[in-house]
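Inspection log for the structure reproduced underneath, given as C-alpha cells.
All figures in this text were calculated on a predicted structure; none of them were measured in a lab.
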Amino acid sequence: MTSSAATSSFDWAGNWTRMELAGKDGALQPLPAAAKLTLEVDKDLRVSLSVGCNRIGTQIMPGEGSAVTFAPGMATRMACPGEIGDAEQTLTDAIDKVAGYEMRGDDVVFVDAAGKPLMLIGR
C-alpha cells in the first residue's frame with residue numbers, strides 16, 4: 001500500500017470511537033451492544049480496525065474533492081458468529097463499496113458511488 005496522505009486535506013489520523021453501519025433498509029445503525037470497536041488511522045492513512053472479532057488492515061486512499069476509497073485489505077480469519085459476525089460482514093462489504101465521504105458535523109459518512117450512506121465514523 002502506498003501513502004496518499006499528501007493528497008488529503010482532511011485529518012484522518014487518530015482513534016475513532018464510534019461507528020454506524022447501514023442496515024438492510026439503508027439507514028445507519030449503531031454497532032451491536034456487544035461490539036468492541038477499535039479503529040485507528042495512522043499519519044500515512046493506514047487503518048487498523050475491528051468490531052470485536054477479526055483485525056482488519058487497509059488504507060484510506062483519498063481522491064479529488066470528497067472522493068475516497070479503501071485499498072484492498074487484509075484480515076485475520078476467525079469465525080465470528082452472531083451479531084458481531086454480521087456486523088463485521090456488513091463492515092467489510094461497506095469498505096469494498098466506498099467511493100466518497102461527506103461530513104456530518106464532526107462525523108464522517110462514507111458513501112457508495114450513488115451517494116448512499118454505508119458507514120459513519122466519529123471520534
For residues Leu118 and Leu21, determine if any side-chain heavy atom of one lies less than 4.5 Å from a side-chain heavy atom of the other. no
List the steps, then state whether side chain to side chain contact (heavy atoms under 4.5 Å, CB included) holds for Leu49 with Ile56. CA-CA 5 Å; Leu49 68 111; Ile56 300 166; 4.0 Å; yes
Which ILVMFWY residues can you reach from Val111 by hopping between side chains whose heavy atoms are under 4.5 Å apart? Leu28, Val109, Leu120
Do the non-hydrogen side-chain atoms of Met119 and Met19 ever get within less than 4.5 Å of each other? yes
Got Met103 and Val108 here, is their nearest side-chain heavy-atom distance under 4.5 Å? yes
Could you check whether Phe70 and Trp12 have their ring centres less than 6.0 Å apart? no
Minimal non-hydrogen separation, Gln29 against Gly23, with atom names: NE2-CA, 3.8 Å
Going by the side-chain hydrogen bond (donor to acceptor under 3.5 Å, both in side chains) test, which pairs reach into residues 110-123, not counting sequence neighbours? none
Would you name the heavy atoms of Cys53 and Ala79 that are closest together and state the gap between them? SG-O, 3.8 Å
Is there a side-chain contact between Leu45 and Pro62 in this structure, where contact means two heavy atoms from C-beta onward sitting under 4.5 Å apart? yes
So, taking the atom named CD1 in Ile95 and the one named OG1 in Thr69, what distance separates them when rounded to the nearest 0.5 Å? 11.5 Å
If we ignore hydrogens and angles and just use 3.5 Å, is the side chain of Ser66 paired with the main-chain N or O of Gly100 as donor and acceptor? no
If you take all heavy atoms of Glu83 and Ala34, which pair is closest and at what distance? OE2-CB, 3.9 Å
So which of Ile84, Thr90, Leu91, Leu37 actually passes side chain to side chain contact (heavy atoms under 4.5 Å, CB included) with Leu31? Leu37
Would you say Gln59's side chain and Asp44's backbone share a donor-acceptor pair under 3.5 angstrom? yes
Would you say the side chain of Phe110 lies within less than 4.5 Å of the side chain of Ile121, judging by non-hydrogen atoms? yes
If you apply the rule side chain to side chain contact (heavy atoms under 4.5 Å, CB included), what do you find for Ile60 with Val68, and how did you get there? CA-CA 7 Å; Ile60 296 172; Val68 68; 3.4 Å; yes
Hey, does Arg55 have a side-chain heavy atom less than 4.5 Å from the side chain of Ser48? yes
Looking only at heavy atoms, what is the nearest atom pair of Gly26 and Ala22, with distance? O-CB, 4.0 Å
Tell me if a side-chain donor or acceptor on Asn54 pairs with a main-chain N or O of Arg77 at a distance below 3.5 Å. yes
For Thr76 and Met78, indicate whether the former's side chain and the latter's backbone hold a donor-acceptor pair under 3.5 Å. no
